[in-house]
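Note on naming: letters A, B, ... go to the chains in the order of the sequence lines (proteins, then strands), and numbering restarts at 1 for each one.
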Protein chains: 2
Amino acid sequence: MTGSPTFSPLYRQIKALLVQALDEGEWRPGMAIPSEAELAVRFSVSQGTVRKAIDELAADKMLVRRQGKGTFVSTHNDPREYFRFLRLVPNNGEVVPARSVPLECWRAKAGPEPARMLDLPHGAPLIVLRRVLQFNDRNVVGDEIYLPEEHFRGLDMDMLKAHEGSLYSLFEARFGVHMIRAQERVRAVLADREGAQLLGVDEGSPLLSVERVSYTYGDRPMEWRRGLYSTVDHAYLNELN
Amino acid sequence: MTGSPTFSPLYRQIKALLVQALDEGEWRPGMAIPSEAELAVRFSVSQGTVRKAIDELAADKMLVRRQGKGTFVSTHNDPREYFRFLRLVPNNGEVVPARSVPLECWRAKAGPEPARMLDLPHGAPLIVLRRVLQFNDRNVVGDEIYLPEEHFRGLDMDMLKAHEGSLYSLFEARFGVHMIRAQERVRAVLADREGAQLLGVDEGSPLLSVERVSYTYGDRPMEWRRGLYSTVDHAYLNELN
DNA sequence: TAGTGGTCTAGACCACTCC
DNA sequence: GAGTGGTCTAGACCACTAG
């Protein structure tokens with residue numbers, strides 16, 4: 001019976017303004033945003049209110065606080081953040097860095113599934129790419145990745161081969177597309193001939209199928225991918241609360 | 001060169017005291033804790049400091065705030081929370097409640113793996129139970145669950161059959177064991193004869209193997225389980241930030 | 001109307017980083 | 001020492017719940 005509960009506290013409005021500024025690129029990934037005191041003046045609120053807005057953005061991992069230094073726009077373009085969304089860990093605890101190796105890259109029209117996942121019209125232009133992830137020079141993940149061409153114009157094999165780091169670091173550095181969050185659906189499948197060969201397992205071996213949609217500011221989907229994970233020497237790790 | 005950074009803010013000390021009180025059962029799951037004002041008096045700090053401690057406990061899901069009513073100890077013993085740790089969702093979005101059906105329950109000595117995962121000495125007494133999870137009366141998950149007998153004395157098939165709800169709600173209601181968080185490792189495996197029959201799939205079908213350790217207050221491991229998930233009609237859903 | 005959590009402010013001071 | 005985020009306080013007021 002009651003109307004919509006339209007009440008929105010000040011700090012959430014400040015938060016929305018900050019997200020808008022981030023989305024518009026007022027501050028680039030890795031750069032510092034103005035100090036809390038400055039922002040308080042800019043928005044005509046107390047520092048405590050700015051602080052609460054930033055608290056939430058830090059919890060969302062859009063910003064990173066560093067005591068004594070400032071507050072920074074989070075970035076994928078830093079070795080420690082390259083594979084922020086990758087949940088695969090080796091069975092023996094040793095930490096080896098992953099390496100992304102591009103295989104193919106072509107243009108295509110969106111079929112029903114990519115169109116739906118990317119919120120695009122059927123037939124919209126896409127860039128599709130295939131790559132593998134390696135640990136210790138061994139292929140462990142094979143991905144097929146679908147991107148709306150509109151936002152990734154110019155992406156090709158040369159660019160992929162020239163780039164050090166993860167795809168998300170490339171997306172950020174070259175196309176200004178910053179992924180904020182993602183959602184994965186994991187299933188068990190059998191390796192077909194191609195997948196088996198790619199990951200160095202027998203045909204018919206069990207693999208994880210991992211489908212992921214990644215979102216940029218404003219919950220806009222910007223990437224859809226399907227991966228095959230070999231879980232012989234690794235596991236998909238998940239924390240539950 | 002610098003010594004250990006032992007600085008701990010007041011609100012974290014308050015938080016630790018609150019966790020201790022929760023662990024000792026001063027307030028039971030589902031019940032309200034004292035108001036922020038009362039706690040401020042009790043600990044001789046300002047309400048804002050208590051508030052920040054509770055903020056973190058709410059983020060950890062140990063407490064739940066309800067505006068106008070109070071702050072409550074979180075509980076698994078509520079239909080909406082029965083399967084808080086279950087990440088399985090149906091392929092078609094419809095929400096059907098899960099149902100836990102016990103199969104077997106027996107006593108055993110801890111082998112190397114349960115002992116390691118539960119931080120118990122080799123040979124420590126365990127209770128082991130097998131059960132299935134059903135959606136729409138169809139078996140989708142088969143679990144084998146290992147519990148330290150010390151904390152679950154008296155658990156048997158009769159008790160399992162008599163209980164409505166999830167295992168965690170039973171653990172909480174009957175044994176005062178409240179799971180706070182858990183960690184899962186997911187792999188792809190092939191269904192053996194037994195697993196295939198249990199889940200109604202062909203032998204050799206791909207299944208998810210999900211190993212989980214659950215922790216109570218103080219990060220004390222209290223349960224280890226291994227599950228087989230059929231992902232024919234469901235997917236393991238995960239949010240990444 | 002009373003009690004609870006939620007917001008907002010202003011100010012003092014602390015911890016950390018860098019020059 | 002200057003500048004940043006981090007803590008703590010005290011007080012006023014708002015939103016929500018329940019009797």
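Relative ring orientation between B:Tyr146 and B:Trp224 is described as tilted, the plane-to-plane angle lying within the 30° to 60° band. Note: A:Tyr229 and A:Tyr236 have tilted aromatic rings, judged against thresholds of 30 and 60 degrees for the angle between ring planes.
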Enumerate the protein-to-nucleotides 17-19 of chain C contacts in which both atoms are nitrogen or oxygen and the separation is below 3.5 Å.
{"unit_1": "C:dC18", "atom_1": "OP1", "unit_2": "A:Lys69", "atom_2": "NZ", "d": "3.2"}

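The salt bridge (Lys or Arg N to Asp or Glu O under 4.0 Å) search around A:Arg138 returns none, not counting sequence neighbours. Taking the side-chain contact (heavy atoms from CB on, under 4.5 Å) definition, one finds that A:Ser166 meets it with A:Tyr82, A:Phe83, A:Tyr168, A:Ser169, sequence neighbours left out. Scanning for ring pair (Phe, Tyr, Trp, His ring centres under 6.0 Å) contacts around A:Tyr11 gives an empty result, with sequence neighbours left out. Partners of B:Asp60 by salt bridge (Lys or Arg N to Asp or Glu O under 4.0 Å), not counting sequence neighbours, listed by chain and number: B:Lys15. Residues passing the salt bridge (Lys or Arg N to Asp or Glu O under 4.0 Å) test with A:Glu239 are B:Arg181, sequence neighbours excluded.
Of the residues in residues 41-66 of chain A, A:Arg51, A:Arg65, A:Arg66 come within less than 4.0 Å of DNA chain D through at least one heavy atom, sorted by number. Near DNA chain C, meaning a heavy atom under 4.0 Å away, there are no residues from residues 23-37 of chain A. Within residues 9-16 of chain B, the residues that place at least one heavy atom under 4.0 Å from DNA chain D are, in residue-number order, B:Pro9, B:Leu10, B:Tyr11.
Side chains of A:Ile145 and A:Arg131 form a contact here, defined as non-hydrogen atoms less than 4.5 Å apart. Side-chain contact between B:Val73 and B:Val64 is absent, with no heavy-atom pair separated by less than 4.5 Å. Using a 4.5 Å cut-off on side-chain heavy atoms (C-beta onward), A:Gln183 and B:Leu240 make no contact.
For B:Asn238 and A:Glu184, the side-chain atoms include no donor-acceptor pair closer than 3.5 Å. Looking only at atom types and distance, the side chain of B:Arg99 has no donor-acceptor partner in the side chain of B:Asn136 under 3.5 Å away.
Screening residues 62-76 of chain B for side-chain hydrogen bond (donor to acceptor under 3.5 Å, both in side chains) gives B:Glu36-B:Arg65, B:Asp55-B:Arg65, B:Thr75-B:Glu172 as the qualifying pairs, with residues at least two apart or on separate chains.
Rounded to whole angstrom, the span from the CZ atom of A:Phe7 across to the C1' atom of C:dG5 amounts to 12 Å.
A donor-acceptor pair is defined here as one N or O able to donate and one able to accept, closer than 3.5 Å; such a pair exists between the side chain of A:Arg84 and the backbone of B:Asn241.
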Side-chain atoms of residues 152-160 of chain B: list all donor-acceptor pairs with protein atoms under 3.5 Å, sequence neighbours left out, distances to 0.1 Å.
{"unit_1": "B:Asp156", "atom_1": "OD1", "unit_2": "B:Asp158", "atom_2": "N", "d": "3.3"}
{"unit_1": "B:Asp156", "atom_1": "OD1", "unit_2": "B:Met159", "atom_2": "N", "d": "2.9"}

(message) Let me check I have this right: for DNA chain D, each base becomes ., (, ), [, ] or |, based on Watson-Crick or G-U pairs with both distances under 3.5 Å. What is the full string?
(response) ||||||||||||||||||.

